[in-house]
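This is a predicted model, so every value here is computed, not measured.
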Amino acid sequence: MGFEELGNGKERRWGIRSLLRRKQVDSDRVKTQEGGHQLAKELSVLQLVAIGVGSTIGAGVYVLVGTVAREHAGPSLVISFLIAGIAAALSAFCYAELASRCPSAGSAYHYSYICVGEGVAWLIGWALILEYTIGGSAVARGISPNLALFFGGPDSLPSFLARVYIPWLDVVVDPCAAVLVLIVTGLLCVGIKESTFVQAIITSLNVCVMLFVIIAGGYIGFKDGWVGYSVASGFFPYGVNGMLAGSATVFFAYIGFDSVASTAEEVKNPQRDLPLGIATALSICCFLYMMVSVVVIGLVPYFAMDPDTPISSAFARHGMHWAMYVVTAGAVLALCSTLMGSILPQPRILMAMARDGLLPSFFSDVNERTQVPVKSTIVTGVGSAVLAFFMDVSQLAGMVSVGTLLAFTMVAISILILRYVPPNEMPLPSSFQESIESLSFHEEEFPKGPVGISDKRNKQSGQDDGTSKDFPLIIKNTDEDKLNEQKRRKYAAWSIAFVCIGVLILTSSASAFSFPEYLRYIICSFGGLLFLVGLALLSWIDQDNGRHSFGHSGGFICPLVPFLPVLCILINSYLLINLGASTWMRVSIWLVIGVFVYLFYGRSNSSLTDVIYVPIAHANEIYKSSTEYVA
C-alpha cells in the first residue's frame with residue numbers, strides 16, 4: 001500500500017512481491033491494447049436498476065419478515081431494515097466511485113488488482129466464483145417447491161421435473177432446478193441487452209407483487225386496525241439489541257447490488273449511469289423492504305406470525321386465502337430474477353481473471369456476434385446446473401455471504417488506498433524497454449522515486465538549462481516537496497494498516513465469547529485504540545493529489561472519506577467474523593484450493609510477469625517515444 005519500487009516484473013515473479021503486483025488503471029490505451037476482448041455497450045440506467053433490484057430482492061424477503069420479527073426485532077423490524085439499508089449504502093458509495101473510475105468487468109476483483117495487489121485480487125475473485133456458483137444453485141433449488149404449489153402441493157410437479165430420491169447415491173436430484181439454470185444460461189448467451197430485458201420484465205412483475213402486498217395490506221390495516229402495533233410488549237420487545245441483531249440478519253437481503261458493478265464494461269455512460277443505477281436500485285429495495293415489513297407486522301402480532309409463510313398467513317387471517325397464490329407467484333418471480341443476477345456476474349469475473357493471465361485464456365473469449373463471454377457463461381451455467389441437480393446446497397448458503405462481505409471490505413480498503421496512496425507507477429510491456437533506455441530511464445537509477453526524464457537528457461548531452469545555477473531555491477524546494485510527499489504516503493499507508501489490523505482485532509475479540517471477559521476487554525481495548533489511532537491519522541493526513549487523475553474522471557466521488565469507508569470496513573468485518581466456524585471451515589477449503597491454483601498457474605502466467613514498472617508521470621512520454629505508439 002504505497003511502498004512500491006520500480007523494477008522489472010520478472011524480479012517480482014517468484015518472491016512475495018508477486019502478490020503485490022498491481023495492474024494499470026483503466027484507460028483508453030488499455031482498452032485498445034486488449035483488442036477484440038470487448039463487451040457490447042448496451043446498458044442504460046433503467047437496465048442497471050433492473051439488474052440491481054432483480055439481483056437483490058429474492059424470495060428471502062417473503063420469509064425473512066416473519067423469522068426476524070419473531071426472533072429479534074418485533075415491530076421494530078422496519079428500523080432494522082433501515083439500519084441495514086444504510087449499512088449497505090456505505091458499500092454502495094464505495095462501489096459507485098470505483099465503478100465509475102474503473103469501468104471494466106470484474107467488479108471487486110478488478111478494483112483490488114488495481115489498488116491492493118495480485119494476491120488479494122486473486123482471493124477476492126476466487127471467493128466470488130464460489131459465491132455465485134453456490135448462490136445460483138441454491139436459488140434454483142428453491143424455485144421448484146414454490147412452483148409446485150401451483151400444481152396442487154409440494155410434490156405435484158410433472159414427473160419429468162419432480163424431485164427424485166436416488167438411494168444408491170443418497171441424494172435428492174432436482175431436474176427442475178437444473179433445467180431453469182440451463183434456460184437462464186442460454187438466455188445470457190444470447191446477449192446482454194436481451195437477457196436484461198427479460199430480467200426487467202420479471203423484476204417489474206415481482207415489484208408489482210410487493211406493491212400489492214403493501215397496498216392491499218395497508219387497506220386491511222386501516223380497515224380492521226393495526227393489531228400488530230397494539231401489543232403489550234411495545235415497539236422494541238427485544239430491546240435495542242434485538243433490533244440491531246435483526247439489522248445484522250436482514251443486511252444480507254441487500255446483497256446483490258454489486259451485480260451492477262460487474263456489468264460496468266457494458267454500460268453506455270459508466271461515469272453517470274453506474275452510480276445512479278446502484279443508488280436507485282438500493283433505494284428501491286430499501287423502500288420496498290421497509291413498507292412490506294410495516295404492513296405485514298401491523299396485520300399480525302409478531303409473536304403470532306408463521307415463520308415460513310408470514311405474508312400469506314397474514315392475509316389468510318383476514319379472509320384473503322387467494323392472496324397465497326399472488327405471494328407465491330412473487331416468490332417464484334423473485335427467485336427467477338435472482339437466479340439471473342447470480343449467473344450474470346460470474347462469467348465476467350472469469351473473463352477479467354483470464355484477461356490478466358490468472359486463468360486460461362479460454363475464459364476471456366468474447367463471441368463476435370453476441371459480444372458476451374459465451375464460453376465462460378456456458379461453463380458457469382453447466383457447473384451451477386450440475387450442482388443444483390445433485391446437491392442440496394442450503395447448508396452451504398452461508399458460504400455465499402463470505403465472498404460478498406470480503407468483496408465489500410476490500411472495496412472500502414481500495415477507496416482508502418485510492419485517496420491516500422494511489423499507485424504512482426504503472427506496468428509497461430517489456431517491448432517498451434528500448435524506449436525506456438533511450439530516455440535514460442533505467443530502473444536501478446530510481447530506487448526512491450522518479451527523476452525528470454528531460455532533466456536527465458540535458459545532463460547526458462552536456463546541456464544545462466541554468467536552473468540549478470540560477471535558481472537553487474527551486475531545486476531545494478522541489479526536493480523537499482518530494483521528501484514530504486514520500487513521508488505523507490508512508491504515514492498514510494501505515495494508518496490504513498492500523499485501521500485494518502485494529503478492526504480485525506476488535507471484531508474478533510468482541511465475538512470471542514469463549515474467552516474470559518477480562519481478556520476480551522483487554523484485547524478489544526487494544527484493537528479499538530489501534531483503530532482510532534489509524535482513523536485519527538487518516539483524518540489529519542492530506543489526501544493524495546493523484547486521486548483526481550486516477551482512472552476515468554468526472555464520475556461519482558465517495559463522500560466523508562475516511563470515515564465512510566472505515567465504518568464500512570468495521571461493519572463488514574464484524575459480519576464476516578460472526579458467520580460461524582463451520583462456514584469458515586468450508587470456505588477455507590475452497591480458498592486453500594485457490595492458493596494452489598494461483599501458485600502453480602496464476603503466478604507464472606500473470607500478464608504482469610514480464611512488465612516494467614515506471615512512474616506514471618513519465619508514462620505518456622515513454623509511449624510517445626515508442627515505435628508502437630500510434631497517434
Side-chain angles (χ1 to χ4, degrees), residues 54-60 63-64 107-109 122-146 163 171-182 184-185 188 249 251-259 262 334-350 353 359 363 376-409 572 575-576 578-595 597:
S55 302
T56 303
I57 299 181
V63 179
L64 208 58
S107 188
Y109 157 79
W122 167 264
L123 287 180
I124 294 297
W126 193 250
L128 288 176
I129 290 173
L130 176 70
E131 171 199 342
Y132 291 125
T133 301
I134 293 181
S137 301
V139 168
R141 295 277 296 202
I143 293 177
S144 53
N146 287 279
R163 290 181 174 179
V171 296
V172 177
V173 297
D174 192 338
C176 180
V179 169
L180 287 170
V181 170
L182 294 177
V184 169
T185 301
L188 292 174
T249 303
F251 174 82
F252 297 101
Y254 289 97
I255 290 177
F257 69 84
D258 52 314
S259 296
S262 69
L335 285 168
C336 291
S337 182
T338 305
L339 177 60
M340 296 184 67
S342 297
I343 298 179
L344 173 67
Q346 183 168 327
R348 284 144 184 83
I349 292 175
L350 292 173
M353 297 175 76
L359 289 176
F363 294 104
S376 296
T377 304
I378 292 175
V379 170
T380 298
V382 171
S384 297
V386 171
L387 197 61
F389 182 77
F390 284 106
M391 292 184 62
D392 183 4
V393 292
S394 58
Q395 295 182 350
L396 307 179
M399 298 171 67
V400 174
S401 304
V402 173
T404 300
L405 293 176
L406 281 175
F408 284 5
T409 304
N572 292 320
L575 294 174
L576 271 171
N578 286 276
L579 283 177
S582 59
T583 296
W584 274 108
M585 286 291 292
R586 297 187 185 105
V587 172
S588 298
I589 296 173
W590 175 254
L591 294 180
V592 168
I593 295 173
V595 168
V597 173

A.B. asks: Which pair of non-hydrogen atoms, one from Ala140 and one from Ala388, has the smallest distance, and what is that distance?
C.D. replies: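 Closest heavy-atom pair between Ala140 and Ala388: CB-CB, 4.2 Å.
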
A.B. asks: Could you tell me whether a side-chain N or O of Thr56 sits under 3.5 Å from a main-chain N or O of Phe257, the two making a donor and an acceptor?
C.D. replies: yes

A.B. asks: Looking at residues at least two apart in the chain, or sitting in another chain, which of them share a side chain to side chain donor-acceptor pair (under 3.5 Å) with Tyr254?
C.D. replies: none

A.B. asks: Mind checking side-chain contact (heavy atoms from CB on, under 4.5 Å) for Phe251 and listing every partner two or more places apart, or none if nothing turns up?
C.D. replies: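 Once residues adjacent in sequence are excluded, the partners of Phe251 under the side-chain contact (heavy atoms from CB on, under 4.5 Å) criterion are Ala84, Ala87, Ala88, Leu405, Phe408, Asn572, Leu575.
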
A.B. asks: Sequence neighbours excluded, which residues qualify as salt bridge (charged side-chain N to carboxylate O under 4.0 Å, His left out) partners of Asp174?
C.D. replies: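 Result, salt bridge (charged side-chain N to carboxylate O under 4.0 Å, His left out) vs Asp174: Arg163.
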
A.B. asks: Between atom CG of Leu188 and atom OG1 of Thr377, what is the distance when rounded to the nearest 0.5 Å?
C.D. replies: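 One gets 6.0 Å once the value is rounded to the nearest 0.5 Å.
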
A.B. asks: Among residues at least two apart in sequence or on other chains, which ones pass side chain to side chain donor-acceptor pair (under 3.5 Å) with Thr380?
C.D. replies: none

A.B. asks: Can you pull the side chain to side chain donor-acceptor pair (under 3.5 Å) pairs that have at least one residue in residues 335-344, sequence neighbours excluded?
C.D. replies: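 Checked against side chain to side chain donor-acceptor pair (under 3.5 Å) - neighbours excluded - the pairs reaching residues 335-344 are Thr203-Ser337.
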
A.B. asks: Enumerate donor-acceptor pairs with a distance under 3.5 Å from any side-chain N or O in residues 175-182 to protein atoms, sequence neighbours excluded.
C.D. replies:
none

A.B. asks: How many angstroms lie between CG in Leu576 and OG1 in Thr583, if you round to the nearest 0.5 Å?
C.D. replies: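 Between Leu576 CG and Thr583 OG1, I get 11.0 Å after rounding to 0.5 Å.
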
A.B. asks: Find out whether Phe252 and Leu64 are in side-chain contact, i.e. whether some heavy atom of one side chain is under 4.5 Å from a heavy atom of the other.
C.D. replies: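 Sidechains of Leu64 and Phe252: no contact.
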
A.B. asks: How long is the gap from CG on Leu123 to CG on Leu406, to the nearest 0.5 Å?
C.D. replies: 8.5 Å

A.B. asks: To the nearest 0.5 angstrom, please state how far the CD1 atom of Ile134 sits from the CE atom of Met391.
C.D. replies: 7.5 Å

A.B. asks: Tell me every residue that passes side-chain contact (heavy atoms from CB on, under 4.5 Å) with Ser55, counting only those two or more places apart in sequence or in another chain.
C.D. replies: Ile51, Gln199, Ser259

A.B. asks: Roughly how far apart are Gln346 CD and Leu128 CG, rounded to 0.5 Å?
C.D. replies: 9.0 Å

A.B. asks: I need the Thr185 OG1 to Met340 CE distance, nearest 0.5 Å.
C.D. replies: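 One finds 10.0 Å between OG1 of Thr185 and CE of Met340.
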
A.B. asks: Looking at Trp126 and Val595, would you say the former's side chain and the latter's main chain have a donor-acceptor pair under 3.5 Å?
C.D. replies: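 No, because the side chain of Trp126 does not come within donor-acceptor range (under 3.5 Å) of the backbone of Val595.
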
A.B. asks: May I ask you to test the Trp584-Val402 pair for a side-chain heavy-atom distance under 4.5 Å?
C.D. replies: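 In contact.
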
A.B. asks: Scan residues 340-349 for pairs that pass salt bridge (charged side-chain N to carboxylate O under 4.0 Å, His left out), counting only residues two or more places apart or in two chains.
C.D. replies: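 As it turns out, the salt bridge (charged side-chain N to carboxylate O under 4.0 Å, His left out) pairs with a partner in residues 340-349, which skip direct neighbours, are Glu266-Arg348.
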
A.B. asks: Looking at Ala127 and Leu591, what are the two nearest heavy atoms and their distance?
C.D. replies: CB-CD2, 4.4 Å

A.B. asks: Not counting sequence neighbours, which residues clear side-chain contact (heavy atoms from CB on, under 4.5 Å) with Leu359? List them please.
C.D. replies: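 By the side-chain contact (heavy atoms from CB on, under 4.5 Å) rule, Leu359 matches Trp122, Leu350, Met353, Ala354, Phe363.
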
A.B. asks: Tell me every residue that passes side chain to side chain donor-acceptor pair (under 3.5 Å) with Thr404, counting only those two or more places apart in sequence or in another chain.
C.D. replies: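 Thr404 satisfies side chain to side chain donor-acceptor pair (under 3.5 Å) with Glu131 only.
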
